[in-house]
Enquirer: 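Once you've had a glance at the structure underneath, I'll fire off some questions.
Just so it is clear, the values below take in all heavy atoms, side chains as well, and ignore hydrogens, waters and symmetry mates.
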Amino acid sequence: MKVILLENVKRIGSIGEVIDVKRGFARNFLIANKKALYASKENIKEVEKIKAELSKKDNERKQEAAKIAEQINNKEYSVQKLSTENNELYGSVKPTEISKLIQEENKIEIKPSMIQPVEEIKSLGKFKVKISLHSEVDAEIVINVTSADTIQ
């Protein structure tokens, strides 16, 4: 299915580009999140007209993302979880929890879908977490998981 991108999408393409993607990806992600339009002749003409405006909006989003990255990059956040004697957690630390942590500490709203742990957080210790703030701006934080209490 051919679509026109309305914003830069990582590993997919840039604004105004007509790309061929799978039908489900187009319908459920790109079009649903207003990142693309169906590639009809009318839509292609429309995107050509507003391409400069879209680029300007994208640059503004990129600058905002850079400011957020500056605030949180290389910061360490602590989480206390129940664990077993062999330092394994009961459950794991999920992106929604990390999102709430950042919201509480820095008053910055980050969607859980932007958070990509390098590895699953299922034990005590320090873990690197990548946050994709924009298609061109990433930040990296450290999650320090400590034991709340050991259950036997």
Enquirer: At what distance, to the nearest 0.5 angstrom, does CD1 of I102 lie from NZ of K75?
Expert: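 One finds 10.0 Å between CD1 of I102 and NZ of K75.
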Enquirer: Would you say T146 and V79 make side-chain contact, with heavy atoms under 4.5 Å?
Expert: no
Enquirer: With the 4.5 Å side-chain cut-off for hydrophobic clustering, are I131 and V93 part of the same group?
Expert: yes
Enquirer: Check the pair I141 / N74 against side-chain contact (heavy atoms from CB on, under 4.5 Å), numbers first and verdict last.
Expert: CA-CA 5 Å; I141 61 171; N74 298 322; over 6 Å; no
Enquirer: What pairs of residues pass the side chain to side chain donor-acceptor pair (under 3.5 Å) test when at least one of them lies in residues 93-109, not counting sequence neighbours?
Expert: Y77-N106, K81-E97, S92-K94
Enquirer: Can you get from I44 to L5 by hopping between Ile, Leu, Val, Met, Phe, Trp and Tyr side chains that sit under 4.5 Å apart?
Expert: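 No, I44 and L5 fall in different hydrophobic clusters.
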Enquirer: Would you mind listing every side chain to side chain donor-acceptor pair (under 3.5 Å) that reaches into residues 21-31, with sequence neighbours excluded?
Expert: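 Listed once each, the pairs would be none.
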Enquirer: Can you name the salt bridge (charged side-chain N to carboxylate O under 4.0 Å, His left out) partners of E76, sequence neighbours left out?
Expert: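 So E76 forms a salt bridge (charged side-chain N to carboxylate O under 4.0 Å, His left out) with K126.
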Enquirer: Suppose we screen for side-chain contact (heavy atoms from CB on, under 4.5 Å). Which residues come up paired with S55, at least two apart in sequence or across chains?
Expert: I15
Enquirer: Do I98 and I121 have side-chain heavy atoms sitting under 4.5 Å apart?
Expert: yes
Enquirer: Among all residues two or more places apart in sequence or in another chain, which pass the side chain to side chain donor-acceptor pair (under 3.5 Å) test with K122?
Expert: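 So K122 forms no side chain to side chain donor-acceptor pair (under 3.5 Å) with any residue.
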Enquirer: Linking I/L/V/M/F/W/Y whenever any side-chain heavy atoms sit under 4.5 Å apart, do F127 and M114 land together?
Expert: yes
Enquirer: Under the side-chain contact (heavy atoms from CB on, under 4.5 Å) test, which residues partner K2, sequence neighbours left out?
Expert: V18, D20, A39
Enquirer: Hey, what do you get for CD1 (I12) to OG (S135), rounding to the nearest 0.5 Å?
Expert: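 So the gap between those two atoms works out to 11.0 Å.
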Enquirer: Hey, are the side chains of L30 and V21 touching, using non-hydrogen atoms and a 4.5 Å cut-off?
Expert: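 Side-chain contact under 4.5 Å: yes.
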Enquirer: Atom NZ of K67 and atom CD of Q63: how far apart are they, to the nearest 0.5 Å?
Expert: 7.0 Å
Enquirer: Would V9 end up clustered with M1 when hydrophobic side chains under 4.5 Å apart are linked, directly or stepwise?
Expert: yes
Enquirer: If you group Ile, Leu, Val, Met, Phe, Trp and Tyr by side-chain heavy-atom gaps below 4.5 Å, do Y38 and I4 land in one group?
Expert: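 Hydrophobic grouping puts Y38 apart from I4.
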Enquirer: Not counting sequence neighbours, which residues clear salt bridge (charged side-chain N to carboxylate O under 4.0 Å, His left out) with K57? List them please.
Expert: E53
Enquirer: Can you see which heavy atom on A69 is nearest to which on V137, and at what distance?
Expert: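 Between these two residues, the closest heavy atoms are CB-CG1, 3.9 Å.
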Enquirer: Is the backbone of A139 close enough, under 3.5 Å, to the side chain of N73 for a donor and an acceptor to pair up by distance?
Expert: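 No, the answer is negative, given that no donor and acceptor are paired below the 3.5 Å cut-off.
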Enquirer: Just jot down the side-chain contact (heavy atoms from CB on, under 4.5 Å) partners of Q116, sequence neighbours excluded, or say none.
Expert: K130, S132
Enquirer: So which heavy atom on S78 is nearest to which on L101, and how close?
Expert: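 Smallest heavy-atom distance, with atoms named: O-CD2, 3.7 Å.
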Enquirer: Taking transitive links into account, so neighbours of neighbours count too, which hydrophobic residues share a cluster with V142 at under 4.5 Å side-chain distance?
Expert: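 So far as hydrophobic clustering goes, V142 is joined with none.
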Enquirer: Going by the rule salt bridge (charged side-chain N to carboxylate O under 4.0 Å, His left out), which residues pair with K62 if we only count those two or more places apart in sequence or in a different chain?
Expert: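 With neighbours one apart ignored, the set is E136.
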Enquirer: Is the shortest heavy-atom distance from the side chain of V3 to the side chain of I19 under 4.5 Å?
Expert: yes
Enquirer: Using a distance-only test with no angle check, is there a side-chain donor-acceptor pair under 3.5 angstrom linking D58 and H134?
Expert: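 Looking only at side-chain atoms, H134 and D58 do form a donor-acceptor pair, the distance falling under 3.5 Å.
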Enquirer: For E88, which residues count as a side-chain contact (heavy atoms from CB on, under 4.5 Å) partner, sequence neighbours excluded?
Expert: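 Testing E88 for side-chain contact (heavy atoms from CB on, under 4.5 Å), a comparison that skips the adjacent residues, returns T84, N86.
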Enquirer: Test side-chain contact (heavy atoms from CB on, under 4.5 Å) on L37 and L6; report intermediate values, then the result.
Expert: CA-CA 7 Å; L37 287 173; L6 296 176; 3.9 Å; yes
Enquirer: Just grab all the salt bridge (Lys or Arg N to Asp or Glu O under 4.0 Å) pairs involving residues 30-52, residues at least two apart or on different chains.
Expert: E7-K35
Enquirer: Go through the steps to decide whether D138 and K10 satisfy the test side-chain contact (heavy atoms from CB on, under 4.5 Å), and finish with yes or no.
Expert: CA-CA 11 Å; D138 290 333; K10 198 180 236 173; 3.0 Å; yes
